[in-house]
Amino acid sequence: MKAEMSTRTVVAGTGHYVPPRVVTNRDLEKLMDTSDEWIRERSGILERHHVDDGVGTSDLAVEAARRAIADAGIDPATIDLIVAATLSPDHYFPGIGVQVQAKLGLGPIGAIDVRNQCSGFIYALSVADQYIRAGTCKRVLLVAAEVQSSNLDFSDRGRDMSVLFGDGAGAVVLEPNEDGGGRGVLSTHLFADGNFVPQLWMEKPSPRDRPTFQTAFFDEGRFFPKMDGRQVFVNACQRMPEAVRAALAANGLAIEDVDHLIPHQANDRISLMVAKGLRIPVEKVVRNIDRFGNTTAASIPIALDEAVKAGRIRPGDLVALTAFGSGFTWAAALIRW
Ligand code: COA
């Protein structure tokens, strides 16, 4: 999906929000048979943020959105589309897009929910990018948010998953760049292989079961997310570099042209393997999983916002985004900042 027209999608503002409660590895040691050392060595995570009771994904999404809107310095009434990415909506249906719209007090604009898990931000960016480049929309709010902590198995049975994930949200305001300059999203590249559904999924609840909610499923822990950690690890290390290479090739660019690589923060070892696979210096890789854990769709916009606000990403820089997750799905995007 390469931008053929002169109009490109530019990021006019970024923002992120995480709930205030910090959960350290030591806190998790009290809940299950794990250790700070194991979690640090295997994932690079030191702490993550968890919401308190009553706080949902849409609440985090709205805070991140407000910050991105303030950063862009725009009147929210001028937003003409919301694209929201999450695997953890407040409700089974509807999605969080409409809740973000209502909580921000926006008019009856469209609100699309994208469900592509850890690849959700780049998938959602590809959707927003099409609307902007086609001229259909002039200002899109893209928000990615997750509350993982309320449905993780914090017993020994779920320790491989529950130590990795955290809650948080990131948002960007997207606009057309019609000045003919080179700034903006160069292209987005989406991939999927549905043969790997059970390798990373939340199996239940499923409307295929009658009734959908059965006590036996609870007892067997089938309402918790599950993964085959090794399969995910191996595929993530292979697919993210492939996606970045495809994006560079489509734009006639080389790995040396990339100033910043923002991989989905799944596991710091995966991020380092992706850097190694691409032969990109580790200093160019944005890594913040130590403080947030894996926040699924939110991880890339959180990392992007931090890097921009720290002055690390500067005008003219080439930013490569890449993600891998449940589905399996994977993706890459290039942005000329
Ligand atoms: N604390 C302590 N021990 C744990 C543990 C925890 N939280 N979770 C698992 N273990 C144990 C395992 O039971 C296993 O024990 P065994 O050898 O007695 O069977 C041992 O640690 C090693 O497990 P292994 O699977 O070999 O570890 P690993 O080095 O592959 O790391 C993951 C495990 C989950 C960290 C790693 O596979 C991974 O990061 N996978 C990808 C995860 C991911 O990114 N998911 C989301 C993608 S978007």
Side-chain angles (χ1 to χ4, degrees), residues 23-48 85-88 114-123 144 146 148-149 151-168 170 190-194 196-202 221 224-241 243 262-277 285 287-290 292-303 321-332:
V23 175
T24 64
N25 295 344
R26 296 258 181 243
D27 294 329
L28 296 177
E29 285 177 357
K30 294 172 198 147
L31 302 175
M32 67 187 92
D33 181 14
T34 192
S35 66
D36 175 49
E37 190 189 9
W38 192 96
I39 301 170
R40 278 173 195 255
E41 279 181 6
R42 303 298 172 115
S43 72
I45 299 166
L46 309 186
E47 58 188 38
R48 72 288 290 145
T86 188
L87 63 72
S88 52
V114 170
R115 292 204 43 179
N116 291 94
Q117 296 64 250
C118 297
S119 306
F121 180 77
I122 301 179
Y123 265 69
E146 305 287 1
Q148 307 275 5
S149 60
N151 192 43
L152 290 171
D153 184 353
F154 290 105
S155 72
D156 292 355
R157 181 179 64 183
R159 64 181 181 168
D160 62 324
M161 285 291 272
S162 56
V163 301
L164 299 179
F165 291 92
D167 304 336
L190 310 182
F191 306 91
D193 185 347
F196 291 93
V197 169
Q199 273 70 42
L200 182 53
W201 68 344
M202 189 171 137
F224 290 122
K226 292 264 166 43
M227 74 172 172
D228 176 340
R230 260 185 212 160
Q231 277 275 12
V232 173
F233 195 98
V234 168
N235 278 276
C237 292
Q238 184 184 334
R239 297 307 200 179
M240 284 194 273
I262 307 185
H264 163 54
Q265 311 284 303
N267 178 325
D268 205 39
R269 287 192 303 155
I270 294 177
S271 296
L272 294 175
M273 290 290 283
V274 169
K276 197 173 164 194
V285 184
R287 299 152 64 207
N288 65 3
I289 196 171
D290 55 332
F292 299 112
N294 177 346
T295 56
T296 321
S299 89
I300 290 177
I302 292 174
L321 312 179
T322 187
F324 179 89
S326 165
F328 291 151
T329 59
W330 61 102

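Just follow the structure's listing: the first ligand is 1, and inside any ligand the first atom is 1. Computation of the quantities below employed the complete heavy-atom set of this structure, encompassing side-chain atoms and omitting hydrogens, waters and symmetry-equivalent molecules.
Between atom 30 (O) of ligand 1 and the options M32, E37, Q117, R230, the minimum heavy-atom separation is to R230. The option with the heavy atom closest to atom 11 (C) of ligand 1, from among M227, M161, R159, is R159.
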Are T24 and D27 close enough, and set up right, to give a side chain to side chain donor-acceptor pair (under 3.5 Å), and what steps lead you there? CA-CA 5 Å; T24 64; D27 294 329; 3.2 Å; yes
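Using a 4.0 Å cut-off between charged nitrogen and carboxylate oxygen, E29 and R26 count as a salt-bridge pair. Under a 4.0 Å N-O distance rule, the pair D167/R48 does not qualify as a salt bridge.
Only the side chain of C118 comes within contact range of ligand 1, with a heavy atom under 4.0 Å; no backbone atom does. Here I270 has side-chain heavy atoms under 4.0 Å from ligand 1, and that is the only part of it that gets that close.
Checking atom 19 (O) of ligand 1 against the protein gives no heavy-atom contact under 4.0 Å. Closer than 4.0 Å to atom 5 (C) of ligand 1 lies at least one heavy atom of the protein. Using a 4.0 Å threshold on non-hydrogen atoms, atom 32 (C) of ligand 1 does not count as touching the protein.
Counting only heavy atoms of the protein, atom 43 (C) of ligand 1 lies nearest to V232 CG1, 3.8 Å. Shortest contact from atom 1 (N) of ligand 1 to any protein heavy atom: T34 OG1, 2.6 Å. Of the protein's non-hydrogen atoms, G229 O, 3.6 Å is the one closest to atom 41 (C) of ligand 1. Ranking the protein heavy atoms by distance from atom 44 (O) of ligand 1 puts A266 CB, 3.3 Å first. Scanning the protein heavy atoms around atom 10 (N) of ligand 1, the nearest turns out to be W38 CZ2, 3.4 Å. For atom 29 (O) of ligand 1, the nearest protein heavy atom (residue, atom name, distance) is R42 NH1, 2.7 Å.
A heavy-atom distance below 4.5 Å is found between the side chains of L28 and V23. With a 4.5 Å cut-off on side-chain heavy atoms, F191 and T329 do not count as touching. A 4.5 Å side-chain heavy-atom check between I39 and T34 finds at least one atom pair inside the cut-off.
Crowding of R269 atom CZ: a count of heavy atoms from other residues, nucleotides or ligands under 6.0 Å exceeding 12. For M273, the CE atom sits in a loose shell: 12 or fewer heavy atoms of surrounding residues, nucleotides or ligands are nearer than 6.0 Å.
A donor-acceptor pair is defined here as one N or O able to donate and one able to accept, closer than 3.5 Å; no such pair exists between the side chain of S326 and the backbone of V197.
Annotation: the span from I289 atom CD1 to T295 atom OG1 amounts to 8.5 Å, rounded to 0.5 Å. Atom-to-atom distance recorded for E146:CD and C118:SG is 7.5 Å, nearest 0.5 angstrom. The distance from the CZ atom of R40 to the CD atom of E47 is 9.5 Å, given to the nearest 0.5 Å.
For ligand 1, the atoms sitting less than 4.0 Å from at least one non-hydrogen atom of F324 are 48 (S), numbered in the order shown with element in parentheses. Under a 4.0 Å criterion applied to the non-hydrogen atoms of H264, ligand 1 contributes the atoms 48 (S). Close approach of ligand 1 to V163 is summarised as follows: ligand atoms under 4.0 Å from at least one heavy atom of the residue are 7 (N). Shown in contact with N294 at under 4.0 Å from a heavy atom are these atoms of ligand 1, numbered in order with element: 46 (C), 48 (S).
In terms of polar-atom proximity, defined here as any N/O pair under 3.5 Å, N267 does make such a contact with ligand 1. At least one N/O-N/O distance between R269 and ligand 1 falls below 3.5 Å.
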